[in-house]
Number of protein chains: 2
Amino acid sequence: MDNVTIKDIAKALNLSTSTVSRALRGSYEINAETKRLVMEYAERLNYRPNPIALSLKENRSRAIGVIVPQIANYFFSQAINGIEAIAYNRGYHVIIFQTHESYEREVVNMQQAVSRRVDGLLISLSSETSDVTHLRELQDQGMPIVLFDRVSSELNATQVVADNFKGAFEATEHLIWSGRRRIAHLTIPPYMSITQERLAGYRAALEKHGIAYDENLVRYGTFGPDEVGPMVDDLLAQNPRPDAFFTASDRLAAGCLGALQKRKLRIPEDVALIGFTNMNVAELLSPPMSTVVQPAQEIGQVAVERLIELIERKQKAAPPSVIKIPTTLIARDSTRTVVE
Amino acid sequence: MDNVTIKDIAKALNLSTSTVSRALRGSYEINAETKRLVMEYAERLNYRPNPIALSLKENRSRAIGVIVPQIANYFFSQAINGIEAIAYNRGYHVIIFQTHESYEREVVNMQQAVSRRVDGLLISLSSETSDVTHLRELQDQGMPIVLFDRVSSELNATQVVADNFKGAFEATEHLIWSGRRRIAHLTIPPYMSITQERLAGYRAALEKHGIAYDENLVRYGTFGPDEVGPMVDDLLAQNPRPDAFFTASDRLAAGCLGALQKRKLRIPEDVALIGFTNMNVAELLSPPMSTVVQPAQEIGQVAVERLIELIERKQKAAPPSVIKIPTTLIARDSTRTVVE
DNA sequence: AACGTTATCGGGAACGTTGCCGATAGCGCA
DNA sequence: TGCGCTATCGGCAACGTTCCCGATAACGTT
């Protein structure tokens, strides 16, 4: 392998390791000629400082851990994209952990990250996670933590999220403006932060337009497979039937669309549909699907920037806060106003 | 932070560090009672061995580098999913690098991975990469390397790919069976391995059915934005017009579908369309799109398994080989046989 | 002439862990 | 009694790097 060390250089040039070390870092107390010699020789041998030795000495790894439910998911893969870009520019590398929506694996991943000595942690909570004491304890021990997307107000940490309330409010109002009155809301487990914020936005829009909130129109998914069909059936069985669906995720939006198609309901004639999503093929769906776009990449970028600030400035960094990144509503055919 | 070391335990228990070390690893030459004491104390203090110190000592990092063009891409995010799952079970962590389809960044990423002292490298080549001497040199220095998906026969390394030839052959034959004769092929840069294999499968299917290969029906994309529309236009301007499109990637398939829709061509009545893709929403597109499914996750899993074998058994591992994972053709509405 | 200063470099410890080599005591056996 | 063996443990070096403390010589200053 590659193994040229500072010792090799020292031996070859008949110098001590300390001199070589200082020459390489350009210390002022090394003779210019000596510096040149060392630099040239190091260059010629393609010397690269060993980051592991550095880590041991400085007690830091220049690595940040990223814990997400799933990589193979539009939102998270884009967020990781943003994270990676910033992190590498700042000299950190990114270690990925997946929880697969399991609380248990989240805890295990967290411990793994700790024993890997990551300098900081970026976390999007699993859907099973309601208790965050594991994170609070870690934070109390001094580990910099930033939450993104799936956050928890139980934790006094910086949190970076889409403006879920506003996004949901706009989506719901958009449906109302297009003439719908019975708007169903398909969402994810109720104890999750994003669920509550989106639900609140949904309710606020209904209220603003004088539509009573009907809890029978709200269904909570569990990330299980094949669960969307029955939920949609159940909602459609009501009388009067819902005339619009507002879904809270990529997965639910696609599943809902499939379920509606299977049941031969015309979109947007029979029901309208709008999702909270990042799918870049939403435009190509049948019909083109209206969406509230979450700025996944930007969320990742902002989150990692805050984390690095936390790592490098420690107690001097900005106090914990909640950062909301605006969403964008894109109206397409699935929510077109239908004139009778 | 967490910092309990083997020294702390030794001091507290009035033992030497070596004894503690051996007790922790269950060495036979340590008194059972002493072992118990050490184990219990370590447990109580939540001792975790410092992997950085281990890495320095053993000259290995228990990390594998994964270099891909893009994380935010169906295929690669699923592949990384598979990689992550296996790697963690085997005690390795995964460090992600993105080339963004740039040769230059690929080289830089490779160097970064090396200076991070990864134990092995998993690479899917950028579309710009035609020269692989940077990888060959690294390999010559003893770094275990496994290529996946975007591979190169210039490198004597284990390569894990989808069965591109067979997949393309089946897709083309499927189009022929559905009654098409002028089958256009939208693909990616010609020097890439997957391009050539898919093109060969396409040609072989044409030949088998007595259809002359027409190079005017083949177009090579460059991963640039908004390039698909003009390519499609150009193809459609021919006389006679193509009656089917076979695309070589997720991006091209979606772009082609959008372009055809924009030009008001009916699918499958006017033209058929089949893609090489992993999009799980292909069924929801308009119309539902036929696809050749690449087993992304399995490719990742197999690749990382081979890499770990290479890392741990070194010269004793299996010699380099090309492993082909079968694809699956899913016929949907976009290639339905149209009766005139 | 004695001293302080400056420029330039080396020695050694330390980060946390493991492994080699020894050291000690207790014991059995001839 | 003396020898060797086993069981049990400690000391030390090493991995690659940085940093603190000295060391040395060549000066200038009083």
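Below, read A as the first sequence line, B as the second, and so on, with proteins coming before strands; counting in each chain starts at 1. What you see is a predicted model, and the numbers here were worked out from it, not measured in a lab.
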Novice: Take the C1' atoms of the five end pairs on each side of the helix from C/dA1-D/dT30 to C/dA30-D/dT1, get both axes, and report the angle to 10 degrees.
Specialist: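 Inter-axis angle at the termini of the helix from C/dA1-D/dT30 to C/dA30-D/dT1: 80°.
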
Novice: What integer distance in Å separates A/Glu58:CD from C/dA14:P?
Specialist: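 Going from CD in A/Glu58 over to P in C/dA14 covers 18 Å.
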
Novice: If a pair satisfies ring-ring contact (aromatic ring centres under 6.0 Å, His included) and one of its residues is in residues 31-84 of chain B, list it, with sequence neighbours excluded.
Specialist: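 The answer is A/Tyr74-B/Tyr74.
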
Novice: Has the side chain of B/Thr17 got a donor or acceptor that lies under 3.5 Å from a partner of the other kind on the base of C/dG16?
Specialist: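 Counting by modelled atom types and ignoring angles, no donor-acceptor contact under 3.5 Å is found here.
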
Novice: How would you label the contact of A/Leu15 with the nucleic acid (heavy atoms, under 4.0 Å): base, sugar-phosphate, or nothing?
Specialist: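 Sugar-phosphate contact only.
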
Novice: Tell me which nucleotide among C/dG19, C/dG10, C/dG16 gets nearest to the side chain of A/Arg22.
Specialist: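 Minimum distance to the A/Arg22 side chain belongs to C/dG10.
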
Novice: Consider the side chain of B/Leu54, meaning its heavy atoms from C-beta on, and name the nucleotide among C/dC15, C/dG16, C/dT18 that approaches it most closely.
Specialist: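 Selected nucleotide: C/dT18.
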
Novice: Of all residues at least two apart in sequence or in a different chain, which pass the salt bridge (charged side-chain N to carboxylate O under 4.0 Å, His left out) check with A/Glu137?
Specialist: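 Once residues adjacent in sequence are excluded, A/Glu137 has no partner under the salt bridge (charged side-chain N to carboxylate O under 4.0 Å, His left out) criterion.
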
Novice: Go through the structure and list residues passing side chain to side chain donor-acceptor pair (under 3.5 Å) with B/Glu29, not counting sequence neighbours.
Specialist: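 Once residues adjacent in sequence are excluded, B/Glu29 has no partner under the side chain to side chain donor-acceptor pair (under 3.5 Å) criterion.
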
Novice: C/dG10 phosphate, OP1 or OP2: any side-chain N/O from A/Ser16 under 4.0 angstrom?
Specialist: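 Answer is yes, contact under 4.0 Å.
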
Novice: Taking CZ from A/Arg60 and P from C/dG16, how many angstroms apart are they, rounded to a whole number?
Specialist: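 Roughly 16 Å, once rounded to whole Å.
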
Novice: At the 4.0 Å heavy-atom cut-off to chain B, mark where contacts on DNA chain D begin and end, going 5' to 3'.
Specialist: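 On DNA chain D, the outermost contacted nucleotides are D/dT8 to D/dG16.
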
Novice: Expressed in angstrom and rounded to an integer, what is the separation of A/Ile52 atom CD1 from C/dT17 atom P?
Specialist: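 Computing the A/Ile52:CD1 to C/dT17:P distance gives 15 Å.
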
Novice: With DNA chain D as reference, determine whether B/Thr19 or A/Ser21 sits nearer its 5' end, using the nearest nucleotide of each.
Specialist: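 It is B/Thr19 whose nearest nucleotide is closer to the 5' end.
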
Novice: Under 4.0 Å from any atom of DNA chain D, heavy atoms only: list the residues of residues 27-39 of chain A that qualify, in numerical order.
Specialist: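 DNA chain D contact set from residues 27-39 of chain A: none.
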
Novice: What is the distance, to the nearest angstrom, from the CG atom on A/Leu56 to the P atom on C/dA13?
Specialist: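 Going from A/Leu56 (CG) to C/dA13 (P), I get 17 Å.
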
Novice: Not counting sequence neighbours, list each pair that qualifies as a ring-ring contact (aromatic ring centres under 6.0 Å, His included) and has a residue in residues 16-39 of chain B.
Specialist: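 As it turns out, there is no ring-ring contact (aromatic ring centres under 6.0 Å, His included) pair with a partner in residues 16-39 of chain B once direct neighbours are skipped.
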
Novice: Filter on ring-ring contact (aromatic ring centres under 6.0 Å, His included), then keep only pairs touching residues 3-24 of chain A, sequence neighbours left out; what's left?
Specialist: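 Passing the test, one end in residues 3-24 of chain A: no pairs.
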
Novice: Checking A/Tyr191 now: which residues fulfil ring-ring contact (aromatic ring centres under 6.0 Å, His included) with it, not counting sequence neighbours?
Specialist: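 A/Tyr191 satisfies ring-ring contact (aromatic ring centres under 6.0 Å, His included) with no residue once adjacent residues are dropped.
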
Novice: Closest nucleotide of DNA chain D for B/Ser18 versus for A/Ile6: which of these residues is on the 5' side?
Specialist: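 First, find each residue's nearest nucleotide; the 5'-ward one identifies B/Ser18.
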
Novice: With sequence neighbours left out, write down each residue that passes side-chain contact (heavy atoms from CB on, under 4.5 Å) with A/Ser193, or none if nothing qualifies.
Specialist: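 Counting only residues at least two positions away or on another chain, A/Ser193 forms a side-chain contact (heavy atoms from CB on, under 4.5 Å) with A/Val151, A/Glu197.
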
Novice: For A/Tyr88, what residues pass the ring-ring contact (aromatic ring centres under 6.0 Å, His included) criterion, not counting sequence neighbours?
Specialist: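 For A/Tyr88, the residues satisfying ring-ring contact (aromatic ring centres under 6.0 Å, His included) (neighbours in sequence not counted) are B/Phe97.
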
Novice: Test salt bridge (Lys or Arg N to Asp or Glu O under 4.0 Å) on A/Arg36 and A/Glu40; report intermediate values, then the result.
Specialist: CA-CA 6 Å; A/Arg36 199 184 53 75; A/Glu40 275 179 8; 2.8 Å; yes

Novice: Contact class for B/Asn14 vs. all strands (heavy atom < 4.0 Å): base, sugar-phosphate, or nothing?
Specialist: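 The residue B/Asn14 makes sugar-phosphate contact but no base contact.
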
Novice: Taking NZ, NE, NH1 and NH2 as the nitrogens, is one of them in A/Arg105 or A/Glu128 under 4.0 Å from a carboxylate oxygen of the other?
Specialist: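 Salt bridge absent between A/Arg105 and A/Glu128.
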
Novice: According to side-chain contact (heavy atoms from CB on, under 4.5 Å), who are the partners of B/Val107, at least two apart in sequence or on a separate chain?
Specialist: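 Residues passing side-chain contact (heavy atoms from CB on, under 4.5 Å) with B/Val107: B/Tyr103, B/Gln111, B/His134.
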
Novice: Can you find a heavy atom in the side chain of A/Leu135 that is under 4.5 Å from one in the side chain of A/Thr129?
Specialist: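 With C-beta onward as the side chain, the pair stays apart.
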
Novice: Could one point to a donor on the side chain of A/Arg117 or the base of C/dG16 with an acceptor on the other under 3.5 Å away?
Specialist: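 Flag unset: no donor-acceptor pair detected.
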
